[in-house]
S.K.: 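This structure is in structure tokens; I'll ask about it shortly.
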Amino acid sequence: MKIVGISGSPTKSGNNERIIDYVLDIAKQRGFITVRIFLSEYKIAGCNDCGLCKDKKECSIKDDMKKLLPLLEDADAIIVASPVYFGSVSSQLKAFFDRTLVLRKAGFLLKNKVGAAVAVGGSRNGGQEKTIEAIHAWMNIHGMIVVGDGSHFGGIVQKPFEEDNIGIRTVKDTIYKVCDVLDMIK
Ligand SMILES: Cc1cc2nc3c(=O)[nH]c(=O)nc-3n(C[C@H](O)[C@H](O)[C@H](O)COP(=O)(O)O)c2cc1C
């Protein structure tokens with residue numbers, strides 16, 4: 001089974017990308033195939049509500065999203081990490097989320113994939129839970145099976161990730177939960 005990890009940060013080699021590598025390493029050790037998507041490597045414009053995807057599985061905006069949609073369709077689980085920007089997800093991640101409308105219109109193609117979230121802030125209480133809530137909203141609106149870290153909402157991290165021992169625990173518990181649920185579904 002395949003787990004896709006998405007970093008919503010524009011910062012190359014930043015905390016979110018390091019966290020995605022960290023969780024995918026754990027998933028690999030558990031025997032899963034892993035795929036990573038770092039939004040810092042792609043150009044993705046926002047949805048313009050042109051309506052084309054209402055009638056056919058096609059997007060009028062020709063950019064990197066075309067390469068990423070099949071990776072999502074192919075996933076059994078998706079774990080998303082976002083920086084907290086003014087208490088919510090990055091604009092890069094929001095553009096990516098909105099552009100997945102085509103998968104919903106084409107028949108809820110992300111339905112029943114397992115989903116989990118991690119949020120990284122500069123502050124201890126900088127809006128990580130609200131950011132996770134925004135990621136969970138995307139997952140729920142796609143009909144995904146949303147999981148947390150087993151006791152709360154997901155990975156809650158203050159940067160730098162490697163120095164936040166409490167945060168690392170929540171990140172580990174979140175990927176363990178994703179792997180456990182996939183093992184139950186198998
Ligand atoms: C535009 C902007 C807004 C931010 N807003 C918040 C915030 O509301 N709360 C917070 O804790 N950190 C905030 N930060 C800090 C980022 O969350 C932090 O730098 C980021 O998670 C680091 O991840 P990265 O290394 O992957 O980029 C903000 C940073 C930027 C650039």
Side-chain angles (χ1 to χ4, degrees), residues 2-29 32 34-48 63-65 67-69 71-72 75 77-100 114-141 144 146-179:
K2 200 174 281 179
I3 301 179
V4 171
I6 300 169
S7 161
S9 174
T11 312
K12 286 192 196 305
S13 305
N15 292 269
N16 286 271
E17 294 189 357
R18 301 200 302 274
I19 287 169
I20 290 299
D21 279 340
Y22 182 83
V23 297
L24 294 183
D25 274 349
I26 292 174
K28 245 181 258 167
Q29 285 162 29
F32 293 96
T34 62
V35 175
R36 66 178 209 187
I37 298 175
F38 289 172
L39 295 189
S40 68
E41 296 172 357
Y42 300 100
K43 290 259 174 295
I44 299 166
C47 174
N48 58 18
D63 62 12
D64 288 334
M65 202 61 197
K67 294 178 213 160
L68 303 181
L69 292 169
L71 303 180
L72 299 180
I78 301 171
I79 181 162
V80 176
S82 179
V84 181
Y85 282 179
F86 284 94
S88 193
V89 295
S90 67
S91 54
Q92 291 81 1
L93 186 60
K94 185 64 168 72
F96 171 85
F97 281 169
D98 290 350
R99 293 287 300 288
T100 63
V114 176
V118 176
V120 188
S123 305
R124 175 81 269 157
N125 301 303
Q128 285 88 337
E129 288 187 353
K130 293 171 75 69
T131 303
I132 285 178
E133 203 169 57
I135 298 169
H136 285 176
W138 172 72
M139 293 174 169
N140 277 315
I141 289 167
M144 293 173 64
V146 177
V147 301
D149 63 347
S151 58
H152 291 102
F153 305 105
I156 305 263
V157 178
Q158 180 180 19
K159 76 173 184 183
F161 162 60
E162 292 79 2
E163 291 175 20
D164 180 8
N165 289 326
I166 298 169
I168 290 170
R169 182 76 258 159
T170 64
V171 169
K172 272 188 190 164
D173 286 344
T174 302
I175 189 64
Y176 292 159
K177 188 72 170 179
V178 170
C179 294

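Read the numbers this way: they start at 1 and go in the same order the structure lists the ligands and their atoms.
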S.K.: Would you say the rings of Y22 and F161 are close, in the sense that their centroids are separated by under 6.0 Å?
M.R.: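 Under 6.0 Å, so yes.
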
S.K.: Below 4.0 Å from ligand 1: does a non-hydrogen atom of G127 turn up there or not?
M.R.: no

S.K.: How close does the nearest protein non-hydrogen atom get to atom 12 (N) of ligand 1, and which residue and atom is it?
M.R.: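 Ranked first by proximity to atom 12 (N) of ligand 1 is G122 N, 3.0 Å.
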
S.K.: Run the numbers for me: atoms of ligand 1, each under 4.0 Å from some heavy atom of S9, listed by number.
M.R.: 24 (P), 26 (O), 27 (O)

S.K.: Which is it for T174 and V23 under the side-chain contact (heavy atoms from CB on, under 4.5 Å) test, yes or no, and what are the steps along the way?
M.R.: CA-CA 9 Å; T174 302; V23 297; over 6 Å; no

S.K.: Among protein heavy atoms, which sits nearest to atom 5 (N) of ligand 1, and what does the distance come to when rounded to 0.1 Å?
M.R.: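 For atom 5 (N) of ligand 1, the nearest protein heavy atom is F86 N, 2.9 Å.
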
S.K.: Evaluating non-hydrogen atoms only, which member of G126, G87, G121, P83 is closest to atom 9 (N) of ligand 1?
M.R.: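 Going through G126, G87, G121, P83 one by one, G126 has the nearest heavy atom to atom 9 (N) of ligand 1.
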
S.K.: Which residue and atom name correspond to the protein heavy atom nearest atom 22 (C) of ligand 1, and how close is it?
M.R.: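 Among all protein heavy atoms, the one nearest atom 22 (C) of ligand 1 is K159 CD, 3.8 Å.
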
S.K.: Give the numbers and elements of all ligand 1 atoms closer than 4.0 Å to a heavy atom of T11.
M.R.: 27 (O)

S.K.: Under 3.5 Å between some N or O of ligand 1 and some N or O of Q128?
M.R.: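 The answer is no, given that Q128 and ligand 1 share no N or O pair closer than 3.5 Å.
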
S.K.: Between V80 and F97, does a side-chain contact (heavy atoms from CB on, under 4.5 Å) hold up when you go through it step by step?
M.R.: CA-CA 11 Å; V80 176; F97 281 169; 4.1 Å; yes

S.K.: Between D173 and K177, does at least one N-O distance fall below 4.0 Å, as a salt bridge requires?
M.R.: no

S.K.: Nearest non-hydrogen atom to atom 14 (N) of ligand 1 belongs to which of V84, I20, V120?
M.R.: V84

S.K.: Test salt bridge (charged side-chain N to carboxylate O under 4.0 Å, His left out) on D25 and K28 and set out the steps.
M.R.: CA-CA 5 Å; D25 274 349; K28 245 181 258 167; 3.8 Å; yes

S.K.: Applying side-chain contact (heavy atoms from CB on, under 4.5 Å), run through I19 and V120 and close with a yes or a no.
M.R.: CA-CA 9 Å; I19 287 169; V120 188; 3.5 Å; yes

S.K.: By number and element, which atoms of ligand 1 are closer than 4.0 Å to a non-hydrogen atom of G14?
M.R.: 25 (O), 26 (O)

S.K.: Atom 31 (C) of ligand 1: which protein heavy atom is closest, and how many Å away?
M.R.: Y85 CE2, 3.7 Å

S.K.: Using a 3.5 Å distance criterion without hydrogens, assess whether the side chain of D149 forms a donor-acceptor pair with backbone atoms of G155.
M.R.: no

S.K.: After noting the C-alpha distance and the side-chain angles of Q158 and I166, does the key distance pass the side-chain contact (heavy atoms from CB on, under 4.5 Å) rule?
M.R.: CA-CA 9 Å; Q158 180 180 19; I166 298 169; over 6 Å; no

S.K.: In terms of atom number and element, which parts of ligand 1 are under 4.0 angstrom from non-hydrogen atoms of N16?
M.R.: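 Counting from 1, the qualifying ligand atoms are 23 (O), 24 (P), 26 (O).
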
